[in-house]
Amino acid sequence: MDKPKVVLGVSGGIAAYKACELLRRLTESGHEVRVVPTASALHFVGAATWSALSGHPVSTEVWDDVHEVPHVRTGQHADLVVVAPATADMLAKAAHGLADDLLTNTLLTARCPVVFAPAMHTEMWEHPATRDNVATLRARGAVVIEPAVGRLTGVDTGKGRLPDPGEIFEVCRRVLARGVTVPDLRGRHVVISAGGTREPLDPVRFLGNRSSGKQGYALARTAAARGARVTLIAANSALPDPAGVDLVSVGTAVELREAVLRAAADADAVVMAAAVADFRPAAYAAGKIKKKDGQEPEPVTLVRNPDILAEISGDRVRSGQVIVGFAAETDDVLANGRAKLKRKGCDLLVVNEVGEHKTFGRDESEAVVLGADGSETPVAYGPKETLAETVWDLVAERLG
Ligand code: CTP
């Protein structure tokens, strides 16, 4: 089989050096990569580096090898174009269809999926001109990854960093695997809860669970690659931040509830993949609880936590909002799942069979997705990303 053909466009920002790592990931995972830098990008990383890492000659202009008509061919033959970093200038050119070098020509002739990974100072990202250009590109079907928040060039900190190259690679991999030029969740806001809540007993101890957050993170990654604006509410997960996702970190079920209610106000879909503690200790000891010689420990009294899934399913804040829950069951999996779907009032319930060696912390899972309309969609044992894609297929169908 031919290797998938990727054009890596690099525009002139300091983050160009991070694109070398993205290039390596793409070539090492079996992609044929043509690097098309802009002339400004070469101020940051030279042509020799791009050429050596990609194994192909590198040009910025349409005037080299004219007999091969590179300004048309490069884009026509690509399975994916990814521009990383994409500067404010590059987004403006792409939005307006300018074609004054090889990369901008390539963007006009490509009929494959296109991913932009912007990187710039916060002021430039927030400027109405850039906002409009990003909206135009997204409306046309491009996946524009939200920049990460953190240290920028110089002393500034804010939104505008190029996301981790490994995470940009994950977006490219998902977009290539789907192969569609217009992502079906574009313009949608989806909220995902992930991980497991921790309910503190004292400053050093908590009641927790074994959820790793992998399923929720897979849902966030796949939704971003399908063009959605993603809010990921993560409870105690140690996983790397997915690219292009607004991350909200929480600890307890009560904090998770607040974050979910806030984000759900304008969400098209909410997926509750987090393992939320049903109970929390009734009292929190401000100092560490000490053992006392000759005395039995005090019993721990628990109180119920709010049921977030039932609450958001009951008080729908937006009409047409799709709400998805997860259920971990050990026995009578389908019967318990059906009863839970009804009790919670959600639209879809992903039912996992759990046990000592199943689901928690693993990269794979097996599930059945039950619909409130009576549908049953089995998902065979496989990567959590496959289950995530099925969930989004079912959500997209319901969003219409
Ligand atoms: N959930 C929630 N708020 C809670 C508990 C759970 O929103 N306080 C959500 C979870 O995120 C998940 C679903 O509800 O989407 C799981 O429901 P739950 O009743 O907790 O199922 P199990 O953990 O399987 O528990 P049980 O069988 O004890 O009811």
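Counting convention: from 1, in listed order, for ligands and their atoms alike. These numbers were taken from a predicted model, which means no experiment stands behind them.
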Quiz prompt | Passing option when D347 is tested against R316, K342, R398 for salt bridge (Lys or Arg N to Asp or Glu O under 4.0 Å) | solution = R316
Exercise. Applying salt bridge (Lys or Arg N to Asp or Glu O under 4.0 Å) between E146 and each of R229, R138, R161, report the one that passes.
Key: R138
Please verify whether a non-hydrogen atom of [X] lies at under 4.0 Å from ligand 1.
X    : result
R257 : no
A273 : no
K340 : yes
A328 : yes

Self-check item: Nearest protein heavy atom under 4.0 Å from atom 11 (O) of ligand 1, yes or no
Solution: yes
Quiz item: So is there a nitrogen or oxygen of K344 less than 3.5 Å from a nitrogen or oxygen in ligand 1?
Solution: yes
Quiz item: What about L309: any of its N or O atoms under 3.5 Å from an N or O on ligand 1?
Solution: yes
Judged on heavy-atom distance to [atom], which of [options] sits nearest?
atom                   : options                : value
atom 5 (C) of ligand 1 : D307, D278, V260       : D278
atom 4 (C) of ligand 1 : T330, V271, I323, V276 : V276
atom 8 (N) of ligand 1 : P306, C346, G337, A339 : P306

Quiz item: Would you find a donor on one side and an acceptor on the other, under 3.5 Å apart, between the side chain of T87 and the backbone of G13?
Solution: no
In terms of side-chain geometry, is the basic nitrogen of [X] or [Y] positioned less than 4.0 Å from the acidic oxygen of its partner?
X    : Y    : result
K214 : D363 : yes
K288 : D202 : no
D101 : K93  : no
E170 : R173 : yes

Quiz item: Short list, please: which atoms of ligand 1 are under 4.0 Å from a heavy atom of M272?
Solution: 7 (O), 11 (O), 12 (C), 15 (O)
Practice problem: Could you list which atoms of ligand 1 come closer than 4.0 Å to a heavy atom of G325? | Solution: 15 (O)
Exercise. State, without any angle test, whether H189 and T231 hold a side-chain donor-acceptor pair at a distance under 3.5 Å.
Key: yes
Quiz item: How does S193 reach ligand 1, if at all, at less than 4.0 Å between non-hydrogen atoms: by side chain, backbone, both, or neither?
Solution: neither
